[in-house]
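A quick note: this is a predicted structure, and the numbers were derived from the prediction, not measured. Hydrogens, waters and symmetry mates play no part in the numbers below; they use all other heavy atoms, side chains included. In what follows, chains carry the letters A, B, and so on, assigned in the order in which the sequence lines appear, proteins first and then strands, with residues in each chain numbered from 1.
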Number of protein chains: 2
Amino acid sequence: MAIKIFITDDHYMIVEGIRSLLQQEKDVEWMGHAMNAASCLGFLQQQQPDVILMDINLPDKSGIDLCQEVKGKYPDIHILGLSSFNQQSFIQKMMEHGASGYVLKNATREELLEAIEAVMKGQKFLSPEVSATNGRNEEIRIPVITRREKEVLALIAEGLTNSEIAEKLFVSTTTVDSHRKSLLAKFEAKNTATLIRMAAKFSFI
Amino acid sequence: MAIKIFITDDHYMIVEGIRSLLQQEKDVEWMGHAMNAASCLGFLQQQQPDVILMDINLPDKSGIDLCQEVKGKYPDIHILGLSSFNQQSFIQKMMEHGASGYVLKNATREELLEAIEAVMKGQKFLSPEVSATNGRNEEIRIPVITRREKEVLALIAEGLTNSEIAEKLFVSTTTVDSHRKSLLAKFEAKNTATLIRMAAKFSFI
DNA sequence: AGAAAAATCCTGTTTTTAGGGGATAGAGGC
DNA sequence: GCCTCTATCCCCTAAAAACAGGATTTTTCT
């Protein structure tokens, strides 16, 4: 019985590319595609594929959130993350939210098929390049920051000083300073420059 | 006579997608593809296409640099930038370096064909979404920074203080401070946070 | 060669951040 | 009820960055 595949990606060329790659495979049944999270969820109400290839960057919500939602509603569907970047932070988040694997957009046809087969068997799969990076860099911790810290971080990134932020949030400057200190600690940054660079890297801003 | 097309992109799925999209077009002749800048330049020594579809992010050099190089050697070739992002800064740079147009990777088959036809006529072409952004935001100035400023910026981003940077570059702290002031002025940033955010946005770091 | 741009250095002052300590009230989980 | 986490607030000091307004020498380009 053929493996039913669905793809959620807003890049038409990628969708077309994957369709073209999988077309000749008789073991794979192409169920169609969605260009955003909403229509992906809509499709799943009607029918369920075995594997979803899911882009990380979708117009209406992040692939990471969609991943969690889909896994919550349909635990049997295997999700393969799909992205151009070999970015540790995204990959890690995606896997934490229920993805079974991760394939880079420069993967070959063989790699893609291998990934699909692996996740169908319940195994994890990472593109060779990704696993290489994984092994090399041990692990990159992505800070968990609170709601308030996020707000403060955003305002710091906008160029506001502690006193300006304090005024905007109706709190004292010492409070803002406390949040700032927590942020520095959590991002393991010793100053604002590193903080903002890290925050940008992990897509907090 | 069919338009000869070549593509330079390291994402196999995109290459496959575009090939699949253009296959059925009899007015278009597919000449092949390169996965990096070096093999693109190698191919061009043998034969020249009419249009190159070129990704911005290549493994060996930026599409922006490759664009300039190709245009320098083969001024008759039309280059169409190709990227997932509707990012003003990249698009602007690409056009400044000789690209005739810019197509997003979520473009439809029709859009792609339209773009190819437009640049063949010597016209400029921007994906509808891109031109919308272009019109809306007037223009976003991308600072032109000097070699030394770039060095200083990189070290600031790494979290070094002025005196640490001074030590590293064998200059006085006041010199570093001067460069820092120029950077703030050029990026229209009033502090380090904004500077780093802007630098990250424009891919300087 | 001459102009323009870049890189280097200087003296100040004021504002902002970083680092070191805390403390307290409230929410939520166990 | 107890504990942890969050958000709030306070003190103090030192370091760093921002602001102002220069000057000189080297490079680079025309």
At what distance, to the nearest 0.5 angstrom, does CD of B:E151 lie from NE2 of B:H179? 8.5 Å
Separation of C:dT17 P from B:I156 CD1 (nearest whole Å): 16 Å
To the nearest 0.5 Å, how far apart are CG in B:D55 and CD1 in B:I7? 8.5 Å
Let's see if you get this right: which residues in residues 146-155 of chain B place a heavy atom under 4.0 Å from DNA chain C? B:T146, B:R147, B:R148
Would you grab the first and last nucleotide of DNA chain D (5' to 3') that comes under 4.0 Å of any non-hydrogen atom in chain A? D:dT6 to D:dC10
Whole angstrom is fine here: how far is it from CD1 in B:I145 over to C1' in C:dA5? 15 Å
Taking CZ from A:R180 and C1' from C:dA18, how many angstroms apart are they, rounded to a whole number? 9 Å
Please state how far atom CD1 in A:I165 lies from atom P in C:dT16, giving the value in whole angstrom units. 11 Å
Tell me: NE2 of B:H179 to C1' of C:dC10, nearest whole Å? 14 Å
Flag the pair A:E16 and B:R109 as a salt bridge only when some basic side-chain nitrogen lies within less than 4.0 angstrom of an acidic carboxylate oxygen. no
Nucleotide N/O to protein N/O under 3.5 Å, stretch nucleotides 20-26 of chain C:
residue: C:dG20; atom: O6; partner: A:K181; partner atom: NZ; Å: 2.5

Check whether more than 12 heavy atoms from other residues, nucleotides or ligands sit under 6.0 Å from atom CD of A:E167, and answer yes or no. no
Counting only heavy atoms from other residues, nucleotides and ligands, does the tally under 6.0 Å from NZ of B:K168 exceed 12? no
Tell me what B:S172 touches on the nucleic acid: a base, only sugar-phosphate, or nothing, going by heavy atoms under 4.0 Å. sugar-phosphate
When rounded to the nearest 0.5 angstrom, what distance separates CZ in B:F187 from CZ in B:R197? 12.0 Å
Inspect the surroundings of NZ in B:K71 and state if more than 12 heavy atoms from other residues, nucleotides or ligands are less than 6.0 Å away. yes
To the nearest 0.5 Å, how far apart are NZ in A:K121 and NE2 in A:H78? 12.0 Å
Would you please say whether a donor-acceptor pair under 3.5 Å links the side chains of B:N191 and B:T194? yes
Let me spell it out: for each of B:T161 and A:V144, pick the nucleotide of DNA chain D with the closest heavy atom. Which residue's pick is nearer the 5' end? A:V144
At what distance, to the nearest 0.5 angstrom, does CD of A:Q48 lie from CE of A:M31? 8.0 Å
Can you tell me if the side-chain N/O atoms of A:N191 get under 4.0 Å from OP1 or OP2 in C:dA18? no
Would you say B:T175 reaches C:dC9's phosphate, i.e. side-chain N/O to OP1/OP2 under 4.0 Å? yes
What class does the angle between the rings of B:F202 and B:F204 fall in, given that below 30° is parallel, 30 to 60° is tilted and above 60° is perpendicular? perpendicular
